[in-house]
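All remarks here apply to the structure that follows.
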Amino acid sequence: MHAGLPYARGRPYGEFSRRPTPGSRNGLRQLTASEQVIVNRLLARLPYYRSAIQILAGRDLGEKGRQLIVGAGESGSRMHAASFLRLGRIVVDEVLLKQPRELARILYHEIFHFVWARLGNPTRLSYENMLRREIALGARGELGWPSEAKKLALRQRAVPANCAARFERQRLWSEYVCESFCDSAAWFCLPGWRRHREWTLKPRFRERRRRWFQMADVLPRLQL
């Protein structure tokens with residue numbers, strides 16, 4: 001799950017800047033009436049949610065060269081969904097539309113990419129500082145694989161020895177903070193769920209995050 005990637009079936013982004021239609025050559029399609037009912041039901045559970053974000057579906061999503069590939073097959077790294085902040089669109093793998101519970105978790109994650117982009121530096125810095133305190137206390141795990149993968153990559157990265165390495169580590173850290181926020185926000189919006197295989201963060205750190213979301217009053221920002 002990534003924010004802001006240009007999407008294409010191996011073609012330049014500009015060719016697909018127009019609104020896709022069913023059967024269009026970029027491989028994306030609008031939701032069917034029954035799929036839209038499922039999505040609307042999940043969106044109705046998000047407090048304050050008001051948005052014109054368009055949700056599209058595609059089969060076999062993958063990423064290659066910072067592009068979303070539709071119909072990727074075995075090529076590229078597989079992914080469930082992607083956000084396009086400038087276009088105001090989210091693309092989900094159509095398989096998820098048959099799995100409402102997992103769709104909720106992933107769709108909420110993608111929606112919070114839009115929230116993160118509009119959150120403002122003071123609030124984002126507050127969340128980042130909380131993560132720094134967690135790491136200083138030895139916190140392991142996360143509330144979703146997108147953030148946990150970034151966290152593991154940071155742990156494996158050696159201390160930067162030059163400017164290029166420091167820049168790369170800072171980029172990775174920024175991506176981790178963003179993904180952690182989106183994973184945590186999706187978790188926060190699913191209070192009825194007791195467990196998920198990707199929720200590996202220890203309970204005491206989960207409680208710290210819950211309190212942060214409550215104190216930061218993030219949910220009203222869902223009025224995108």
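Computed over heavy atoms, backbone and side chain alike; hydrogens, waters and symmetry mates excluded. If you read the sequence from its start, that first residue is 1, and numbering goes on from there.
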Polar side-chain atom of [X] near backbone of [Y] as donor-acceptor pair, under 3.5 Å:
{"X": "Y127", "Y": "F213", "result": "no"}
{"X": "R206", "Y": "W199", "result": "yes"}
{"X": "S184", "Y": "S180", "result": "yes"}
{"X": "S126", "Y": "P122", "result": "no"}
{"X": "T123", "Y": "G120", "result": "no"}
{"X": "K151", "Y": "G141", "result": "yes"}

Does a side-chain heavy-atom distance below 4.5 Å link [X] with [Y]?
{"X": "L131", "Y": "F181", "value": "no"}
{"X": "L61", "Y": "I69", "value": "no"}
{"X": "L68", "Y": "M79", "value": "yes"}
{"X": "L222", "Y": "R50", "value": "no"}

Does a side-chain N-to-carboxylate-O contact under 4.0 Å join E142 and R209?
-> yes

Between the CD atom in Q54 and the CZ atom in F84, the distance rounded to the nearest 0.5 Å is 11.5 Å

- Query: So among I55, V92, I90, which one has a side chain to side chain contact (heavy atoms under 4.5 Å, CB included) with V39?
  - Reply: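 The passing option is I55.
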
Determine, using the 4.5 Å side-chain heavy-atom cutoff (strictly less than), whether [X] and [Y] are members of one ILVMFWY cluster.
{"X": "I135", "Y": "L125", "result": "no"}
{"X": "V95", "Y": "Y108", "result": "no"}
{"X": "W193", "Y": "L103", "result": "yes"}

My understanding is that only residues two or more places apart in sequence, or in another chain, count here; which of them pass side-chain contact (heavy atoms from CB on, under 4.5 Å) with [X]?
{"X": "A57", "result": "R29, L31, E94, L97"}
{"X": "L137", "result": "F205, R208"}
{"X": "E102", "result": "L96, Q99, R105, I106, H196, R197"}
{"X": "S51", "result": "Y49, I53, L224"}

Self-check item: Passing candidate, side-chain hydrogen bond (donor to acceptor under 3.5 Å, both in side chains) with S83, options H109, H113, R89, E110
Solution: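 That would be E110.
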
Sorted by chain and residue number, the side-chain hydrogen bond (donor to acceptor under 3.5 Å, both in side chains) partners of T200 (sequence neighbours excluded) come out as E148

For this session: Just do the side chain to side chain contact (heavy atoms under 4.5 Å, CB included) check on V218 and F188 with the steps written out, would you?
Result: CA-CA 11 Å; V218 169; F188 184 73; over 6 Å; no

Practice problem: Output every pair passing salt bridge (charged side-chain N to carboxylate O under 4.0 Å, His left out) with a member in residues 115-128, not counting sequence neighbours, ordered by first then second residue. | Solution: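 Sorted result for residues 115-128: E128-R132.
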
